[in-house]
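Everything on this sheet refers to the single structure shown next.
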Amino acid sequence: MPEAVRFADRVVIVTGAGGGLGRAHALLFAKHGARVVVNDLGGSTHGEGANASAADRVVEEIRAAGGTAVANHDSVTDGEKIVQHALDAFGRIDVLVNNAGILRDKSFHKMEDADWDLVYKVHVEGAYKVTRAAWPHLREQGYGRVVFTASTSGIYGNFGQSNYGMAKLGLYGLTRTLAIEGRKSNILVNAIAPTGGTRMTEGLIPPQVFEQLKPELVSPLVVYLGSAACTDTSGLFEVGGGWIGKVRWERSLGVGFDPRGGFGPDDVAAHWQQICDFEGAAHPADNIEALKEMMANLQRFAL
Ligand SMILES: NC(=O)c1ccc[n+]([C@@H]2O[C@H](COP(=O)([O-])OP(=O)(O)OC[C@H]3O[C@@H](n4cnc5c(N)ncnc54)[C@H](O)[C@@H]3O)[C@@H](O)[C@H]2O)c1
């Protein structure tokens with residue numbers, strides 16, 4: 001085991017760690033020497049109810065294996081309580097894995113405000129609340145690692161998951177800006193889009209594939225991203241079944257029209273193919289790079 005992927009006295013919060021992917025992350029962090037706050041509200045996949053036993057069981061597993069962990073049963077929407085629990089138990093917080101999640105799938109024409117709001121509340125507001133409460137501590141100590149859990153349903157869309165897709169890609173938007181704001185304090189922020197056989201995906205993935213998509217196969221990436229060994233920030237990684245890949249934005253080189261001369265929808269139509277042609281495409285890493293072509297077009301036609 002490389003020394004760098006050990007956690008010595010580091011403290012990790014994993015939200016929604018009472019089962020599925022979060023449980024696997026918590027176990028692996030503990031195995032690598034981290035002190036872990038196992039958070040889980042213990043409700044249903046639909047976000048109903050609460051049950052302390054989910055987090056408690058994982059803490060027992062960690063302790064039985066010789067690791068250090070405490071259970072926390074708060075909702076991520078009470079993020080400050082979870083962070084306070086970490087401080088009370090261990091005196092610090094170094095790593096935060098925002099993993100808690102629910103599903104309220106419905107095609108958009110059947111979507112009700114309650115389904116939209118609850119998915120937003122748990123995934124976006126929940127991740128915001130825990131991260132916002134942890135942030136000052138990470139800044140103050142000049143060290144932190146934050147992992148957000150996005151989804152391919154956000155990146156690519158998925159029938160019946162408009163609420164979930166909105167929330168999940170929203171978390172990647174949050175990742176990008178926190179990566180920029182956190183960099184000078186050595187707070188690195190990345191996102192994963194995992195696939196794993198959990199209660200959330202049971203019945204959605206064919207049984208023989210489900211069996212192979214073990215949640216534990218996602219955790220090595222998460223533990224790496226949560227470690228001092230990781231120096232990458234702002235990344236988005238698809239992961240599952242023992243495979244890991246990185247996702248990035250790609251933009252065509254585009255077409256520059258004369259901004260002074262005026263151009264209309266017919267010009268757009270005439271150049272549509274070129275606008276959508278990804279030959280030699282750009283991969284802007286930030287806003288400045290993204291605006292380069294636009295600025296070059298202004299210059300090209302400047303008086
Ligand atoms: N399994 C997949 O293939 C897959 C794919 C893409 C994204 N994800 C995401 O990965 C994360 C983990 O999902 P999973 O598949 O392990 O499902 P899961 O249902 O097994 O785990 C989610 C956990 O979050 C907990 N939780 C829900 N609401 C909470 C709240 N308000 N506060 C605290 N805990 C809460 C649940 O009790 C549960 O234990 C989720 O964010 C999910 O959206 C999973």
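Counting convention: from 1, in listed order, for ligands and their atoms alike. Remember, predicted model here, so these are calculated numbers, not experimental data.
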**Request:** Considering only non-hydrogen protein atoms, determine which one is nearest to atom 27 (C) of ligand 1 and report residue, atom name and distance to 0.1 Å.
**Result:** Gly101 O, 3.5 Å
**Item:** Ring geometry between Tyr172 and Trp249 (parallel below 30°, tilted from 30 to 60°, perpendicular above 60°)
**Value:** tilted
**Asked** Backbone or side chain, does any N or O of Asn99 fall under 3.5 Å from an N or O of ligand 1?
**Response** yes
**Fill in**
The protein heavy atom nearest to atom 14 (P) of ligand 1 is Thr198 OG1, 3.5 Å
**Request:** Could you check which of Gly20, Ser151, Gly196, Pro194 puts a non-hydrogen atom nearest to atom 5 (C) of ligand 1?
**Result:** Pro194
**Message:** To check your reading of the model: name the closest protein heavy atom to atom 23 (C) of ligand 1, its residue, and the distance in Å.
**Reply:** Gly16 O, 3.5 Å
**Request:** May I ask you to check if ligand 1 and Asp40 share an N or O to N or O distance below 3.5 Å?
**Result:** yes
**Item:** Numbering as shown, the atoms of ligand 1 that approach Gly42 to under 4.0 Å (heavy-atom distance)
**Value:** 37 (O)
**Fill in**
Residue, atom and distance of the protein heavy atom nearest atom 32 (N) of ligand 1 read Val76 N, 3.0 Å
**Fill in**
for atom 18 (P) of ligand 1, nearest protein heavy atom and its distance come out as Arg199 NE, 3.8 Å
**Atom indices of ligand 1, in the order listed, that fall short of 4.0 Å to a heavy atom of Ser75** = 30 (C), 31 (N), 32 (N)
**Message:** For atom 44 (C) of ligand 1, what is the closest protein heavy atom, and at what distance to 0.1 Å?
**Reply:** Leu21 CD1, 3.8 Å
**Message:** Between His271 and Asp267 (side chain of the first, backbone of the second, donor and acceptor by atom type, cut-off under 3.5 Å), is there such a pair?
**Reply:** yes
**Asked** Of the choices Lys121, Met200, Glu238, which has the non-hydrogen atom that lies closest to atom 17 (O) of ligand 1?
**Response** Met200
**Message:** With respect to Ile102, determine whether any N or O atom, backbone or side chain, lies less than 3.5 Å from an N or O atom of ligand 1.
**Reply:** no
**Request:** Mark up the atoms of ligand 1 that fall under 4.0 Å of a heavy atom belonging to Tyr164, in ascending order.
**Result:** 6 (C), 7 (C), 8 (N), 9 (C), 42 (C), 43 (O)
**Fill in**
Nearest heavy atom to atom 35 (C) of ligand 1, choosing from Ala100, Gly49, Gly43, belongs to Ala100
**Request:** Find out whether the Lys NZ or Arg CZ of Arg251 is both under 6.0 angstrom from the six-membered ring centre of Phe278 and within 45° of the ring's axis.
**Result:** no
**Fill in**
If you compare Thr149, Ile192, Val97, Val122 by their heavy atoms, the one closest to atom 9 (C) of ligand 1 turns out to be Thr149
**Asked** Any idea which protein heavy atom is nearest atom 34 (N) of ligand 1, and the distance to it?
**Response** Leu41 N, 3.4 Å
**Fill in**
Note: ligand 1 atoms sitting under 4.0 Å from heavy atoms of Asn39 are 33 (C), 34 (N)
**Asked** So is His123 close enough to ligand 1, meaning a heavy atom under 4.0 angstrom away?
**Response** yes
**Message:** Looking at ligand 1, is there an atom of it that comes within less than 4.0 Å of some heavy atom belonging to Ala150?
**Reply:** yes
**Message:** Let's go through Arg300 and Glu293 carefully: what are the C-alpha distance in whole Å and the side-chain angles of both, what is the deciding distance for salt bridge (charged side-chain N to carboxylate O under 4.0 Å, His left out) to 0.1 Å, and is it a yes or a no?
**Reply:** CA-CA 10 Å; Arg300 196 171 134 225; Glu293 303 289 345; over 6 Å; no
**Side-chain donor or acceptor of Arg104 paired with backbone N/O of His46 under 3.5 Å** = yes
**Prompt:** Which part of Lys168 is near ligand 1, with near meaning a heavy atom under 4.0 Å away: side chain, backbone, both or neither?
**Reply:** side chain
**Message:** When you compare ligand 1 with Thr195, is there at least one nitrogen or oxygen pair between them that comes in under 3.5 angstrom?
**Reply:** no
**Complete:** All heavy atoms of Arg145 vs all of Cys230, minimum pair found to be NH2-O, 3.2 Å
